[in-house]
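Data block below; observations after.
Each chain gets a letter, A, B and so on, in the order the sequences are listed, and its residues count up from 1. Below, each value reflects all heavy atoms present in this structure, side chains not excepted, and no hydrogens, waters or symmetry copies.
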Number of protein chains: 2
Amino acid sequence: MKDFESTAETLIRSTGDRVTGARVHVLAVLLGAGRALTHNEVEARLEPELGINRVTVYRVLEWLTQRNIAHKLSGEDRVWRFSVQEQGHGGQHPHFVCNACGRVLCLADSDESPKPRLPVGFQSTEMELTVKGLCDACNEHSRRTAARGKK
Amino acid sequence: MKDFESTAETLIRSTGDRVTGARVHVLAVLLGAGRALTHNEVEARLEPELGINRVTVYRVLEWLTQRNIAHKLSGEDRVWRFSVQEQGHGGQHPHFVCNACGRVLCLADSDESPKPRLPVGFQSTEMELTVKGLCDACNEHSRRTAARGKK
DNA sequence: CTCCAGTTGCAACACAAATGCATTTGCGTG
DNA sequence: CACGCAAATGCATTTGTGTTGCAACTGGAG
Ligand SMILES: [Mn+2]
Ligand SMILES: [Mn+2]
Ligand SMILES: [Zn+2]
Ligand SMILES: [Zn+2]
């Protein structure tokens, strides 16, 4: 908890921009999440007595993205998800989305480059890979359900 | 035009469901587009005198997706885009998004499978690859602008 | 031609995200 | 430490996409 807040403060201070309560608390939430969070999930994890406004959370998340402290990604549910830029993950890295619970997380960079053929005149600058499937929890759950059915 | 409409009618009739004006016209628009269109783009290309309702367009696009005549994909702008399922493109295929004009189109399937490493307990069922860059038109445009700047 | 399940139109709704503007605050300066 | 002000925030309102409930309409089977 407190640990995430001090890490957050350091990261924010390093940008040269203002260190505000909202920024520290929002970033601390992201640091402690271990996965990509929606705006709503971030807001739900902020203690209510902090009185941080909904719009402020939006703006802080946007600011974190611009400063490359976090990155945002769009999902099938038309909702932005934000995740801290973990070290070891390059600027571009694949993501995983659980088809059952919707969890989203960043994956380690794979060395390979698929590079599909583009039409003539087209030029590629970046690439985004999303892997879909079942996360550990949902996988375990479905395994157990199947076993129970067999009995 | 008329050609797309008859193709559309054939495709729709083959589903066994009702062949309605809205379905024929919406599908004809998609067939003539050559790229993925948003709901708004589809609506804009429908002649106003047809009097096809906004909600109907949504429902037709959804129906086309369920019947695998079209497929929908989510973009960074939180807007669904619909594209006819072209033959030669498998159920899963990569997509291209132009960073300048936002054009979205389907790419031919690449034979390679990148398969990034997943955390333990995770299971992958499908994968989505999006290539970003400049389309032919925007590429040409930026090339010309650069040349003019040099002069 | 008749009938009715499937389809459509319309109004209202849901909900993430953005915007305008007044108020507050972090922090550099003296 | 108090001051000043650009940056940040809170609040109300708006925007944009997509959805839902329900009454009216219609494609096409019989
Ligand atoms: Mn990521
Ligand atoms: Mn496609
Ligand atoms: Zn899951
Ligand atoms: Zn373009």
Side-chain angles (χ1 to χ4, degrees), chain A residues 5 8-27 29 36-67 69-82 102 104, chain B residues 5 8-27 29 36-67 69-82 102 104:
Chain A
E5 306 226 329
E9 190 174 329
T10 307
L11 278 167
I12 293 164
R13 197 169 299 282
S14 74
T15 66
D17 280 358
R18 288 197 192 163
V19 180
T20 68
R23 283 175 181 171
V24 172
H25 291 298
V26 168
L27 179 51
V29 166
L37 297 183
T38 66
H39 163 270
N40 271 328
E41 289 170 330
V42 170
E43 206 185 352
R45 290 169 187 223
L46 290 169
E47 315 201 15
E49 52 268 27
L50 292 173
I52 300 176
N53 188 270
R54 201 170 65 91
V55 177
T56 302
V57 177
Y58 275 115
R59 292 196 271 226
V60 167
L61 289 170
E62 202 58 45
W63 177 85
L64 287 169
T65 302
Q66 261 148 23
R67 289 293 174 276
I69 295 173
H71 63 284
K72 70 176 173 182
L73 43 111
S74 62
E76 303 267 300
D77 54 2
R78 319 189 318 116
V79 172
W80 290 115
R81 281 164 212 277
F82 297 82
V104 175
Chain B
E5 307 226 330
E9 191 175 328
T10 307
L11 278 168
I12 293 165
R13 195 170 301 283
S14 74
T15 66
D17 281 355
R18 287 198 191 163
V19 180
T20 68
R23 284 175 180 172
V24 172
H25 290 299
V26 168
L27 179 51
V29 166
L37 298 182
T38 65
H39 162 269
N40 271 328
E41 288 170 331
V42 170
E43 206 184 353
R45 291 169 185 222
L46 291 169
E47 317 202 15
E49 52 269 26
L50 292 174
I52 300 176
N53 187 270
R54 198 173 65 93
V55 178
T56 302
V57 177
Y58 274 114
R59 291 196 271 226
V60 167
L61 290 170
E62 202 57 43
W63 177 85
L64 287 168
T65 303
Q66 261 148 22
R67 290 290 175 277
I69 294 173
H71 63 283
K72 70 175 175 182
L73 44 111
S74 62
E76 304 268 299
D77 53 3
R78 318 188 321 119
V79 173
W80 290 113
R81 281 164 212 278
F82 297 83
V104 175

Task: base_contact_polar (D:dG28 base, B:R13 side chain, donor-acceptor, <3.5 Å) - done: no
Open item on the list: Between the base of D:dG18 and the side chain of A:R78, is there a donor and acceptor pair under 3.5 angstrom?
Closed with: no
Task: Donor-acceptor pair under 3.5 Å, B:R18 side chain vs C:dG6 base - done: yes
Open item on the list: For the CD atom of B:E5 and the NE2 atom of B:H25, what is their distance to the nearest 0.5 Å?
Closed with: 5.0 Å
TODO: Starting from C1' on C:dA16, measure out to CD on B:E76 and report it in whole angstrom.
DONE: 16 Å
Open item on the list: Using whole Å, what does the distance between atom C1' of nucleotide D:dT19 and atom CG of A:D77 come to?
Closed with: 15 Å
Open item on the list: Checking contacts here: which listed nucleotide (C:dA18, C:dT7, C:dT8) is nearest the side-chain heavy atoms of A:Y58?
Closed with: C:dA18
TODO: Would you kindly give the CH2-to-C1' distance between B:W63 and C:dT8, to the nearest whole Å?
DONE: 14 Å
Open item on the list: Please find the pair of heavy atoms, one from B:R81 and one from B:T38, that lie closest to each other, and give the distance.
Closed with: NH1-CG2, 3.3 Å
Task: N or O in side chain of A:N53 less than 4.0 angstrom from D:dT9 OP1/OP2 - done: no
Task: Nearest-nucleotide comparison on DNA chain D, the residue closer to the 5′ end among B:R81 and B:T20 - done: B:R81
Open item on the list: Does A:V55 reach a base, just sugar-phosphate, or nothing at all? Heavy atoms under 4.0 Å.
Closed with: base
Task: Rounded distance (Å) that lies between atom P of D:dT17 and atom CZ of B:R54 - done: 10 Å
- [ ] Examine the base of C:dG9 for any acceptor or donor lying under 3.5 Å from a partner atom in the side chain of B:R59, and report the outcome as yes or no.
- [x] yes
Open item on the list: Main chain of B:V19, side chain of B:R13: is a donor-acceptor contact present, judged purely on distance under 3.5 Å?
Closed with: no
